[in-house]
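Structure record follows, encoded as structure tokens.
Here is how names work: the chains are called A, B, and so on, in the same order as the sequence lines, proteins then strands, and each is numbered from 1.
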There are 4 protein chains.
Amino acid sequence: MEDKKTQLVHRRREEILTAAKHIFAKNGFRRTKIGEIAAHLSVGKGTLYRYFKDKKSLFLAVFEQGMAGLRQAMRANIEPIIDPKNKISAAVRTYFEFFDNDRELVEILMQVRSEFKDDYRRVFLALYSDYIVKIQENLRVSVKTGVFRKLDVEKTAEAISATLHGVLQSFYVREFGPETAVPDVEKLTDRTEAVTALLLKGLLKTDSA
Amino acid sequence: MEDKKTQLVHRRREEILTAAKHIFAKNGFRRTKIGEIAAHLSVGKGTLYRYFKDKKSLFLAVFEQGMAGLRQAMRANIEPIIDPKNKISAAVRTYFEFFDNDRELVEILMQVRSEFKDDYRRVFLALYSDYIVKIQENLRVSVKTGVFRKLDVEKTAEAISATLHGVLQSFYVREFGPETAVPDVEKLTDRTEAVTALLLKGLLKTDSA
Amino acid sequence: MEDKKTQLVHRRREEILTAAKHIFAKNGFRRTKIGEIAAHLSVGKGTLYRYFKDKKSLFLAVFEQGMAGLRQAMRANIEPIIDPKNKISAAVRTYFEFFDNDRELVEILMQVRSEFKDDYRRVFLALYSDYIVKIQENLRVSVKTGVFRKLDVEKTAEAISATLHGVLQSFYVREFGPETAVPDVEKLTDRTEAVTALLLKGLLKTDSA
Amino acid sequence: MEDKKTQLVHRRREEILTAAKHIFAKNGFRRTKIGEIAAHLSVGKGTLYRYFKDKKSLFLAVFEQGMAGLRQAMRANIEPIIDPKNKISAAVRTYFEFFDNDRELVEILMQVRSEFKDDYRRVFLALYSDYIVKIQENLRVSVKTGVFRKLDVEKTAEAISATLHGVLQSFYVREFGPETAVPDVEKLTDRTEAVTALLLKGLLKTDSA
DNA sequence: AATGAATGAGTGTTCATTCAT
DNA sequence: AATGAATGAACACTCATTCAT
């Protein structure tokens with residue numbers, strides 16, 4: 001019985017998060033009214049406050065859930081791979097695919113940065129640190145084994161991660177937007193090859209000799 | 001006499017922009033009260049409204065001025081350079097130096113994205129397009145001359161630009177913040193080498209032969 | 001239960017209208033602050049906005065309610081009367097009595113004209129038209145039966161109605177005003193005889209030999 | 001020389017009043033900005049303040065000037081007439097003609113009532129009192145000479161005056177409005193006959209038999 | 001005398017949050 | 001547990017008036 005109750009609570013929490021993500025992504029944090037989310041769920045506003053302390057907590061919960069999903073996807077798709085090059089290309093592909101499949105989360109991501117700088121920092125660092133650590137490990141090993149050139153592991157890992165974010169944003173500014181009529185014409189995934197190539201091979205022609 | 005007046009108006013406008021940038025960067029757009037900017041300048045609120053239509057216009061003017069400065073810096077430092085590799089490294093260095101020297105602008109940049117998506121898009125595209133075109137030209141020529149490998153010009157140019165943005169943001173989230181007590185410990189410019197190397201050489205060891 | 005709620009809502013609405021009429025009449029539309037009305041009712045400002053869209057709507061609701069009352073009074077007191085002369089005198093008396101008993105409404109009436117010309121026109125025409133039509137009918141019949149002299153029905157009906165308004169205003173300008181210390185010394189009703197006589201002796205067939 | 005200056009000042013004052021009347025009538029007191037009047041005259045705002053203490057004074061000056069014009073017209077057209085009936089009909093005609101020829105003043109008149117109740121009262125009473133006194137004299141004499149029926153002089157005089165005001169307002173609400181495309185289709189003057197007849201046939205002794 | 005840049009008081013409205021039912 | 005009526009803090013913007021030039 002307790003279990004049942006707990007499950008119900010969990011399910012309800014999920015429903016709220018889904019509705020909130022939808023509305024927040026559509027209108028942005030400020031313009032979103034708690035009442036609109038409640039109405040979307042056909043519940044009273046008070047109910048939302050039983051599940052989340054306040055509007056900000058709800059918003060951050062949406063964000064954290066999204067980030068957790070990203071982390072999970074990255075883990076599932078990258079960890080099994082052993083070849084360092086393939087690890088990189090899998091990371092790029094996974095990252096892009098993930099956000100192609102959850103455009104609302106991109107909007108949330110953009111919002112959270114300026115609305116809650118400090119919370120963003122916290123969540124960002126918490127969720128991404130292990131992922132950046134993984135990159136660093138890959139780099140370190142691959143440099144040692146001679147697959148990758150000699151490089152500054154910390155800064156390069158940061159740069160790789162930053163490139164993914166940067167491409168996401170550039171793309172978002174130009175193509176995204178919930179109101180875009182034809183959102184499927186172009187996809188982040190289309191960038192996978194170019195970005196992977198850039199990261200792995202760089203710009204220079206290397207067929208020296 | 002007209003000249004004097006015009007000059008005075010210009011000077012006042014600049015003073016307002018500087019004060020506004022400072023306050024907006026410190027508190028963010030929403031939490032900034034027009035009265036606070038006015039007080040900082042020791043003028044009445046009405047005066048600000050003589051120079052800028054409303055709060056949003058003032059904010060966007062700060063943003064546009066900053067972007068104009070970036071464009072100018074990029075042009076001045078990159079255009080004279082001929083060697084494609086040096087062009088790339090100069091772009092990275094200029095970009096990072098520019099934001100190291102104007103951290104308030106970074107905060108503005110982060111804000112504007114989520115507060116005024118559409119205006120951001122407009123200004124961003126307007127000011128950056130010529131700069132992205134330059135990258136594309138460089139790539140196209142360098143591929144033809146065999147300095148750069150065969151690559152997708154549009155997508156790679158986008159990725160290069162995105163990498164710079166991404167690094168700026170990653171760094172910003174971790175190190176920046178107007179409230180940071182010791183903001184000079186680490187600098188964006190420290191990333192120049194690693195990023196330039198990543199862009200030019202990629203990760204893979206190329207010691208063919 | 002639904003009934004109870006509906007009733008409560010209705011009662012609250014009436015209370016707000018009463019308080020608003022009082023404050024609006026005392027201070028005029030512009031100088032009335034929403035907060036003053038709320039304070040008078042010991043409720044929060046937000047509550048007023050649950051019942052009325054905005055300040056203007058509240059004001060116009062007060063006005064419309066008053067006009068509805070006037071129409072009702074006119075109907076109740078005039079319709080049952082058959083004799084044309086008595087109909088006229090009843091109209092004059094009812095009109096004057098009504099405003100003697102609701103001086104706040106007079107102030108509202110004066111305000112609404114200049115503040116919301118168009119809304120005034122709309123409400124005025126909507127509520128008064130049937131009443132003017134009644135006058136016209138009375139005139140038409142009475143002319144036919146020879147009780148009233150031959151006259152321009154439309155213009156004379158307008159003039160009769162206008163006379164009532166005009167007397168109300170003249171009186172108001174001189175005697176009224178919520179601040180008047182002794183508001184009961186003179187009354188609109190005191191004008192009933194003189195006005196009725198003026199109107200009637202002009203309407204009656206002067207069956208001079 | 002002094003004379004010249006005085007004349008110039010006078011002329012300027014008149015120009016300001018004309019412009020102010022125009023703008024005030026168009027937009028209403030509240031929505032009229034001092035700057036708009038100044039711009040219309042191609043002078044600085046400060047200049048207006050040399051001629052009128054403040055916005056309210058300017059508005060009231062427009063009103064008072066208009067009322068003075070009405071008084072003058074009434075005097076010129078009525079005083080020479082001796083026959084009591086003709087005096088009445090001349091009053092009606094003059095009043096209606098005056099406002100047909102100065103519709104802007106009607107708008108001012110409507111505004112002033114609710115904006116400045118007390119000042120309206122003062123000016124109204126000051127300017128109209130002599131005119132009402134004239135009506136009273138006419139009534140008194142005519143009753144004595146048997147031309148008019150026995151009546152309450154004060155209240156009837158008030159009612160006559162009120163009828164003119166009332167008709168003006170009724171007409172205004174329905175037909176006027178600065179935005180009316182075809183303002184000449186109907187005129188106040190068209191009411192002259194009906195109103196005169198209403199007033200007179202009520203005034204004349206019905207020496208039946 | 002004329003100007004118009006500068007001033008800053010003043011207020012309607014929204015909406016996150018609470019809490020009585 | 002759920003509701004949604006009630007609350008009231010918070011804030012941009014206008015424009016009459018002043019006064020240095």
Provide, to the nearest angstrom, the distance between the [atom1] atom belonging to [X] and the [atom2] atom belonging to [N].
{"X": "Leu8(D)", "N": "dA2(E)", "atom1": "CG", "atom2": "C1'", "result": "13 Å"}
{"X": "Glu15(B)", "N": "dA6(E)", "atom1": "CD", "atom2": "P", "result": "11 Å"}
{"X": "Lys53(D)", "N": "dA16(F)", "atom1": "NZ", "atom2": "P", "result": "14 Å"}
{"X": "Arg30(A)", "N": "dC11(F)", "atom1": "CZ", "atom2": "P", "result": "10 Å"}
{"X": "Leu41(D)", "N": "dG4(E)", "atom1": "CG", "atom2": "P", "result": "13 Å"}
{"X": "Leu48(D)", "N": "dG4(E)", "atom1": "CG", "atom2": "P", "result": "12 Å"}

Open item on the list: A side-chain contact here means heavy atoms from C-beta on lying under 4.5 Å apart; do Glu64(C) and Arg122(C) qualify?
Closed with: yes
Nearest to the [X] side chain among [options], which nucleotide is it?
{"X": "Arg50(B)", "options": "dA6(F), dG4(E), dC11(F)", "answer": "dG4(E)"}
{"X": "Lys33(C)", "options": "dT11(E), dT7(F), dA12(F)", "answer": "dT11(E)"}
{"X": "Tyr49(C)", "options": "dA2(E), dT17(F), dG12(E)", "answer": "dG12(E)"}

Does [X] have a side-chain nitrogen or oxygen under 4.0 Å from the phosphate oxygens OP1 or OP2 of [N]?
{"X": "Arg12(B)", "N": "dA6(E)", "answer": "yes"}
{"X": "Lys45(A)", "N": "dG4(F)", "answer": "no"}
{"X": "Thr47(A)", "N": "dA2(F)", "answer": "no"}

Open item on the list: Applying the salt bridge (Lys or Arg N to Asp or Glu O under 4.0 Å) criterion to Lys26(D), which one of Glu104(D), Glu36(D), Glu107(D) satisfies it?
Closed with: Glu36(D)
- [ ] Would you mind pulling out the nucleotide paired to dT21(E), Watson-Crick or G-U wobble, both distances under 3.5 Å?
- [x] dA2(F)
Task: Base paired to dT13(E) (Watson-Crick or G-U; both N/O distances under 3.5 angstrom) - done: dA10(F)
Open item on the list: Taking Glu115(A) first and then Arg30(A), would you say they form a salt bridge - that is, a charged N and a carboxylate O separated by under 4.0 Å?
Closed with: yes
Task: Over all atoms of both residues, closest heavy-atom pair of Phe52(C) and Ser57(C) - done: CD2-O, 4.3 Å
Task: Closest non-hydrogen atom pair, Tyr49(C) against Asp54(C) - done: CE2-CA, 3.8 Å
Task: Contact nearer the 5' end of DNA chain E, comparing Arg31(C) with Gly46(B) - done: Gly46(B)
TODO: Assign Tyr51(C) to base, sugar-phosphate, or nothing according to its heavy-atom contacts below 4.0 angstrom with the strands shown.
DONE: sugar-phosphate
Open item on the list: Within the 4.0 Å heavy-atom criterion, would you say Ser57(A) contacts the bases, only the backbone, or no part of the nucleic acid?
Closed with: nothing
